[in-house]
Amino acid sequence: MLIDLIVGARPNFVKVAPLIRELGAHSAEGGKMRYRLVHTGQHYDSRMSGDFFDQLDIPEPDINLQVGSGTQAQQTAAIMVRYEGLLLEKSSDLCVVVGDVNSTMACAITAKKLGIRVAHIEAGIRSGDITMPEEVNRIVTDSITDLFFTTTENSTKYLKRSGISEDKIYFVGNTMIDTLLFQLDNLIEPDFVAENNLSVGKFLVTTLHRPANVDETVGFMRLVQMIAKCARSYPIVFPVHPRTRRAIQQVGELPSNIIFVEPQPYLQFVWLIKNSMAVITDSGGITEETTVLGIPCITLRDNTERPETIEIGTNVLAGANPTSLKEIMAPLFDDSWKKGSIPPKWDGKTAKRIVSTLNDLFG
Ligand code: UD1
């Protein structure tokens, strides 16, 4: 039984690390399932990819398809052509994809068309916003998935309602949280924290990388200025995604309380959010991590595919054009932000459940 584990972009690495550990334990105990780690190369430089492999103890990929950047279609097409080439040379028995990036959808389609079963980890989440490339990736991937591993009760119910038979759906929890809990004792304080005299609990962290927020310079500048103003005089650490760098280079003067830094390796980034006062972001995955860490989070989007982070966790949806950001942020300054709790099965044991399910089915 050969399983292809597909990774392509930064959040994928965090999600597969615990699976690799569990599959390793499975074969050390005499289990029959083997895996092949396939990196599409969607993210390729050390800050977006290599550092994550090192810190999360992910072995070198068995195959790197090296597709690099491109438009949505170029990237998707390149992944499909190269992954098909690999499968035609040496096929596998199951293609495991995670999350919602282009690599997820491209490899799912390619495998399925060659008669290979597809398992999707983080299946069934929906933002309802079809203008996001990730939403298209989620819908297409789930439409051809054979085994659905879900992170939440909502996504499990959604899949059942949409007609997927119950015996294909496994509510297992969140592998991203497996990694978070596993690494909590290993976090690393970034050097710039001391260099900038940042005190624990007295700075904010911001990340922005969605095309809707960063591809248009004027709107991006307005957003950044608003965040800086609403943070009062608190410093804001802003790790800059490569996509966002372009916008930053084009805007004029930047607010002085924002500290722009390179994309952070995982252990440094989690140190930052864990020790921050709050996080302001347009990411989905980060809202899950802040929920588990109990750190206030403000999401600069009009919707989310992760409603539990709002209903159960510490997240608040402020909108993509947040006219009331000042009011939304007010509870941060008198320590009255909602406390939140942790969604069911976000307990660090999700990868164990997945490998045990795969073993029951195929082992
Ligand atoms: C992708 C995912 C998104 C995920 C994000 C995490 C899709 C549709 N989007 O968006 O869901 O939240 O990754 O980061 O799959 N670049 C580099 N170095 C790298 C990788 C990318 O400089 O290692 C540059 C590319 O050249 C490109 C830009 O960053 O100009 C965007 O990369 P891309 O992979 O197209 O999408 P992301 O915005 O990262």
Side-chain angles (χ1 to χ4, degrees), residues 6-16 39-56 58 61 64-80 82-83 97-110 120-122 125-127 129-141 151 176 179 205-217 220 238-250 261-266 269-270 273 279 281-289 299-301 303-306 309:
I6 308 294
V7 291
R10 190 166 60 174
N12 295 163
F13 312 138
V14 182
K15 291 170 195 172
V16 298
H39 189 341
T40 64
Q42 177 175 347
H43 285 178
Y44 43 84
D45 58 35
S46 58
R47 292 198 174 269
M48 300 298 286
S49 174
D51 288 350
F52 287 74
F53 278 72
D54 293 343
Q55 290 196 337
L56 303 180
I58 305 174
N64 193 325
L65 302 176
Q66 295 186 316
V67 298
S69 329
T71 63
Q72 292 288 319
Q74 284 166 345
Q75 198 172 58
T76 305
I79 297 168
M80 290 181 69
R82 293 182 193 194
Y83 184 46
V97 293
V98 298
D100 55 17
V101 302
N102 289 340
S103 304
T104 309
M105 177 185 76
C107 290
I109 295 174
T110 308
H120 183 200
I121 294 175
E122 203 183 274
I125 63 172
R126 297 288 183 273
S127 66
D129 179 359
I130 198 67
T131 66
M132 289 171 68
E134 292 84 354
E135 185 76 349
V136 176
N137 294 342
R138 292 179 197 118
I139 293 170
V140 173
T141 303
T151 48
M176 202 170 200
T179 295
V205 176
T206 291
T207 77
L208 295 173
H209 78 280
R210 300 254 164 234
N213 284 336
V214 304
D215 283 0
E216 201 261 303
T217 313
F220 172 73
F238 190 147
V240 180
H241 185 282
R243 187 177 194 108
T244 314
R245 199 177 297 139
R246 219 171 311 131
I248 290 184
Q249 281 160 354
Q250 282 168 12
V261 295
E262 291 293 315
Q264 293 296 296
Y266 182 79
F269 186 73
V270 177
I273 58 175
V279 174
T281 187
D282 62 4
S283 155
I286 295 173
T287 68
E288 300 184 333
E289 292 166 333
T299 297
L300 299 179
R301 285 174 50 191
N303 46 60
T304 175
E305 60 290 334
R306 293 166 164 90
T309 61

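For ligands, and for the atoms within them, numbers begin at 1 and follow the listed sequence. These numbers come from the heavy atoms of this one structure, side chains and all, not from hydrogens, waters or symmetry mates. Starting from 1, each residue takes its place in the sequence as its number.
The protein heavy-atom contact nearest to atom 2 (C) of ligand 1 is V101 CG1, 3.7 Å. In terms of protein heavy atoms, atom 5 (C) of ligand 1 is closest to H209 NE2, 3.7 Å. Of the protein's heavy atoms, E134 OE2, 3.2 Å lies nearest to atom 3 (C) of ligand 1. Of the protein's heavy atoms, P242 CB, 3.2 Å lies nearest to atom 22 (O) of ligand 1. What sits closest to atom 26 (O) of ligand 1 on the protein, heavy atoms only, is S69 OG, 2.5 Å.
The only member of H43, H39, Q42 that meets side chain to side chain donor-acceptor pair (under 3.5 Å) when paired with S103 is Q42.
T71 meets the side-chain contact (heavy atoms from CB on, under 4.5 Å) test with A73, Q74; sequence neighbours excluded. Residues meeting the ring-ring contact (aromatic ring centres under 6.0 Å, His included) test with F238, sequence neighbours left out: F260.
Atoms of ligand 1 found under 4.0 Å from any heavy atom of M48 (numbered from 1 in listed order, with element): 14 (O), 18 (N), 19 (C), 23 (O).
Compare R10, Q42, R243, M105 by their heavy atoms: the one nearest to atom 38 (O) of ligand 1 is in R243. Taking each of G285, P263, P11, A9 in turn, the one with a heavy atom nearest to atom 6 (C) of ligand 1 proves to be P11. Scanning D100, N102, V67 for the heavy atom closest to atom 8 (C) of ligand 1 points to N102.
Residue-level proximity to ligand 1 for H43 is carried by backbone and side chain together, each with a heavy atom below 4.0 angstrom. By the criterion of a heavy-atom distance under 4.0 Å, the side chain of Q75, and not its backbone, is placed next to ligand 1.
Residues M105 and T141 share a closest heavy-atom pair of CA-OG1, 3.4 Å. Closest non-hydrogen pair, E289 versus Y266, comes out as OE2-CE1, 4.0 Å.
In terms of N/O distances under 3.5 Å, ligand 1 is approached by D45.
Heavy-atom separations between R246 and ligand 1 include at least one value shorter than 4.0 Å.
Using a 4.5 Å heavy-atom threshold, the side chains of E262 and R245 count as touching. Between N303 and M132, some side-chain heavy-atom pair lies under the 4.5 Å cut-off. R47 has its side chain out of reach of P242: every pair of non-hydrogen atoms, C-beta onward, lies at least 4.5 Å apart.
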